[in-house]
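Since we're looking at a predicted model, the values are computed, not measured.
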Amino acid sequence: MDVNGLKWYDPLYTDEGTKKNIRMIRWRLNHGAGSFRIYLITLSTSREMQLDILHASQLKQLYLRRNLPMIVGVAQSYEDARELVIRIIEDVIRKTGNADVRSYFEKSDAEKGADECYI
């Protein structure tokens with residue numbers, strides 16, 4: 001977590017379009033700079049759901065920024081974010097034998113702590 005309240009999962013899931021620039025993308029998001037071509041995959045704000053996809057520009061809303069669940073993935077487009085969600089679910093199923101994505105990330109976060117370093 002940083003001073004702006006963003007909590008990042010480590011290792012972060014990325015698509016090919018964001019992989020090479022992820023340090024700059026994270027820095028921009030952590031510091032409130034605009035990133036209008038970026039989509040974030042977070043744990044869902046609803047306990048009934050697993051993951052949410054939201055446009056990075058939504059972080060300009062102070063309430064959302066302060067209450068955003070852990071960011072687990074970053075993608076360059078909405079379609080890429082959807083594909084990344086599929087990859088995340090497949091990884092969780094392969095590692096745990098079930099599709100309880102929320103529990104997997106919450107357990108991993110509790111065991112090793114979320115990434116708290118500044119980039």
Side-chain angles (χ1 to χ4, degrees):
M1 185 180 303
D2 77 343
V3 293
N4 293 309
L6 298 182
K7 189 174 185 180
W8 299 87
Y9 180 74
D10 183 33
L12 187 66
Y13 284 86
T14 59
D15 66 348
E16 287 301 316
T18 58
K19 183 181 249 179
K20 64 183 174 187
N21 296 320
I22 195 61
R23 289 178 57 88
M24 178 58 74
I25 291 167
R26 284 182 60 167
W27 185 91
R28 291 179 61 83
L29 294 174
N30 281 336
H31 291 87
S35 292
F36 296 106
R37 289 180 269 168
I38 300 297
Y39 286 82
L40 304 175
I41 301 163
T42 69
L43 294 183
S44 181
T45 55
S46 168
R47 294 302 292 175
E48 292 81 31
M49 304 298 285
Q50 302 274 347
L51 299 170
D52 287 335
I53 298 173
L54 61 120
H55 194 275
S57 65
Q58 291 179 280
L59 293 179
K60 293 293 184 182
Q61 299 174 34
L62 190 55
Y63 177 83
L64 179 63
R65 184 176 191 81
R66 288 183 177 165
N67 295 288
L68 188 69
M70 183 188 331
I71 300 167
V72 298
V74 178
Q76 194 168 7
S77 70
Y78 186 78
E79 185 60 37
D80 290 340
R82 290 177 51 172
E83 291 176 16
L84 198 54
V85 166
I86 292 168
R87 192 173 99 203
I88 290 168
I89 293 169
E90 289 172 344
D91 282 355
V92 171
I93 290 171
R94 188 174 55 256
K95 292 174 182 175
T96 67
N98 65 56
D100 191 355
V101 175
R102 175 183 289 281
S103 292
Y104 172 78
F105 283 112
E106 288 174 346
K107 181 179 178 191
S108 287
D109 184 45
E111 287 177 355
K112 67 180 176 184
D115 180 15
E116 295 184 5
C117 66
Y118 293 96
I119 291 187

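- Nearest heavy atom pair, residue M70 against residue Y9, reads SD-CB, 3.5 Å.
- Going from atom CG of D10 over to atom CG of D109 covers 10.5 Å, rounded to the nearest 0.5 Å.
- Under the 4.5 Å side-chain criterion, counting only non-hydrogen atoms from C-beta, L6 is in contact with R65.
- Side-chain contact check for E83 versus E79: some heavy-atom pair is nearer than 4.5 Å.
- Separation of atoms CD1 (I25) and NZ (K19) is listed at 12.5 Å; rounding is to 0.5 Å.
- Judged by distance alone, the side chain of D15 and the main-chain N or O of L84 form no donor-acceptor pair under 3.5 Å.
- In this structure, the side chains of Y78 and I53 come closer than 4.5 Å at one or more pairs of heavy atoms.
- One distance of note links CZ of R26 with OG1 of T18; it measures 11.5 Å at 0.5 Å rounding.
- When all heavy atoms of A56 and L29 are compared, the closest pair comes out as CB-CD2, 3.8 Å.
- By the 4.5 Å heavy-atom criterion applied to side chains, R28 and I38 are not counted as neighbours.
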Which atom pairs, donor and acceptor, lie under 3.5 Å between side-chain atoms of residues 40-48 and protein residues at least two apart or in another chain?
residue: S44; atom: OG; partner: S46; partner atom: N; Å: 3.1
residue: S44; atom: OG; partner: S46; partner atom: O; Å: 3.3
residue: S44; atom: OG; partner: D52; partner atom: OD1; Å: 3.2
residue: S44; atom: OG; partner: D52; partner atom: OD2; Å: 3.4
residue: S46; atom: OG; partner: E48; partner atom: N; Å: 3.3
residue: S46; atom: OG; partner: E48; partner atom: OE1; Å: 2.8
residue: R47; atom: NH1; partner: E106; partner atom: OE2; Å: 3.2

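- With sequence neighbours excluded, no residue forms a side chain to side chain contact (heavy atoms under 4.5 Å, CB included) with R37.
- Partners of Q58 by side chain to side chain contact (heavy atoms under 4.5 Å, CB included), not counting sequence neighbours, listed by chain and number: L54, H55, Q61, L64.
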For residues 89-98, tabulate all N or O donor-acceptor pairs below 3.5 Å that involve a side-chain atom, not counting sequence neighbours.
residue: D91; atom: OD1; partner: R94; partner atom: NH1; Å: 3.4
residue: D91; atom: OD1; partner: R94; partner atom: NH2; Å: 2.5
residue: D91; atom: OD2; partner: Y13; partner atom: OH; Å: 3.0
residue: K95; atom: NZ; partner: Y104; partner atom: OH; Å: 3.3
residue: T96; atom: OG1; partner: V92; partner atom: O; Å: 2.7
residue: T96; atom: OG1; partner: N98; partner atom: N; Å: 3.2
residue: T96; atom: OG1; partner: N98; partner atom: O; Å: 3.0
residue: T96; atom: OG1; partner: N98; partner atom: OD1; Å: 3.4
residue: N98; atom: OD1; partner: D100; partner atom: N; Å: 2.9

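- By the neighbour-count criterion of 12 heavy atoms within 6.0 Å, atom CZ of R87 is densely surrounded, having more than that number from other residues, nucleotides or ligands.
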